[in-house]
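Ligands are counted one by one from 1 in listed order, and the atoms in each one are counted from 1 as well.
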Amino acid sequence: MAYKKRYDGRGFKETRETKATANILKRADGSGEFSFGNSKAIVSVYGPKRVYPAFLEDADKALLRCYYDMISFSVKERKRPGPSRRSSEISLVSAGALKPALLLNEFPHTVIDVFIMITQADASTRVAGINAATIALANAGIPMTDLPAAVSIGKMGDTLVVDVNKEEEDYEEDGKHAATDIAICVLPRTKKISLLQLDGKITPEELKKVINMAFRAAPEINKKQIEALKNVEEL
Ligand code: UDP
């Protein structure tokens, strides 16, 4: 049985509705919100600021620390509050996805803290978080060489789709889980990939298609991020 029609009726290359806002929090140095349908992330950025303890500081560049977390009631089955292996991993890869686009060498001896909070989860939250973090970092005035755009690509059976929701992530064929979920962050200007995580199986040919799909999805994501940054309201 093939996945011929998406559960929510979207085209295979279509994302869910995306929404983006910049400058949502008064006391943060920068903030932003990004959603793919019912997956929503808000991000606050603090810094560049002094590093404590000081021995952690880097004389050549700012440290970038990301903290990803999901609110307990962001998911159907209450998530235990506090950090987990999953949140530590996502925090780490989110920092890795953002770093190549940031001119951290302009702020030696400092740290930039990025708090990524998922307020509602319907899969693809790490990519929503990265897109919100891009907005928040730009809103904080951190100079960038590129605008990271992250999206998930899924393989349901043999069908490749853009922006996986939870129902698709749980896709089964013949009673067996048959979904592959790939989180990708691209740097469209420099044509680089700063995140690629794959959960499942895929052929090298399919992976090439997946990467192309991510690059094709990026302009629309960047457009929303830029619009949000241009339409900042005073708080
Ligand atoms: N999820 C959940 N409870 C958890 C962790 C995840 O219900 O404790 C759901 C949530 O909808 C999340 C999805 O599983 O978006 C996929 O999680 P994954 O770890 O693949 O990361 P994501 O796709 O959100 O980046």
Side-chain angles (χ1 to χ4, degrees), residues 3 6-8 10 12-20 32-43 66-99 114-136 148-157 159-173 176-186 193-202 206-207 210-211 213-214 217-218 221 224-225:
Y3 189 58
R6 294 186 84 169
Y7 292 130
D8 58 9
R10 267 184 289 154
F12 292 127
K13 293 177 183 168
E14 203 182 324
T15 66
R16 288 170 281 182
E17 189 189 4
T18 53
K19 285 189 188 157
E33 186 168 18
F34 191 93
S35 58
F36 282 116
N38 288 322
S39 283
K40 294 179 192 283
I42 63 170
V43 172
C66 285
Y67 303 89
Y68 165 103
D69 201 3
M70 275 188 346
I71 287 180
S72 292
F73 294 100
S74 62
V75 280
K76 273 193 193 141
E77 203 168 306
R78 176 185 171 275
K79 181 219 155 245
R80 201 167 155 258
S84 61
R85 282 181 65 153
R86 177 177 175 273
S87 69
S88 304
E89 176 219 316
I90 298 179
S91 301
L92 201 73
V93 299
S94 299
L98 295 160
K99 259 185 210 168
V114 180
F115 293 89
I116 304 170
M117 184 58 74
I118 305 304
T119 52
Q120 195 170 270
D122 184 11
S124 309
T125 61
R126 75 192 65 201
V127 285
I130 291 166
N131 292 336
T134 299
I135 296 170
V151 71
S152 67
I153 309 289
K155 188 182 144 193
M156 277 72 240
T159 309
L160 297 176
V161 303
V162 172
D163 184 26
V164 182
N165 65 19
K166 185 69 181 139
E167 210 181 353
E168 289 182 325
E169 203 184 83
D170 296 337
Y171 177 74
E172 290 187 357
E173 279 185 5
K176 282 192 203 136
H177 184 241
T180 295
D181 181 16
I182 305 131
I184 306 191
C185 181
V186 301
I193 296 169
S194 59
L195 170 77
L196 201 156
Q197 285 188 294
L198 192 144
D199 188 6
K201 284 184 184 163
I202 202 144
E206 283 169 338
L207 188 58
V210 164
I211 290 168
M213 285 165 91
I221 294 165
K224 284 283 163 71
Q225 291 166 320

* Asked: With F36, which of V127, D122, N165 fulfils side-chain contact (heavy atoms from CB on, under 4.5 Å)?
  ->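 In the set V127, D122, N165, the residue that makes a side-chain contact (heavy atoms from CB on, under 4.5 Å) with F36 is V127.
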
Could you check whether [Y] and [X], counting side-chain N and O atoms only, form a donor-acceptor pair closer than 3.5 Å?
X    : Y    : result
Y171 : E173 : yes
K224 : T18  : yes
T125 : Y68  : yes

* Can you list, by chain and residue number, every protein residue with a non-hydrogen atom closer than 4.0 Å to ligand 1? ->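 Residues M70, V75, K79, R86, A121, D122, A123, S124, T125, R126, K166, E169, D181 each place a heavy atom under 4.0 Å from ligand 1, listed by chain and number.
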
* Asked: Is atom CZ of R85 surrounded by more than 12 heavy atoms (other residues, nucleotides or ligands) closer than 6.0 Å?
  ->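 No, the 6.0 Å shell around CZ holds no more than 12 heavy atoms from other groups.
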
* To do: State whether E33 and K40 are salt-bridged, where the test is any N-O pair (Lys NZ or Arg NE/NH1/NH2 against Asp/Glu carboxylate O) under 4.0 Å.
  =>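 Answer for the salt bridge query: no.
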
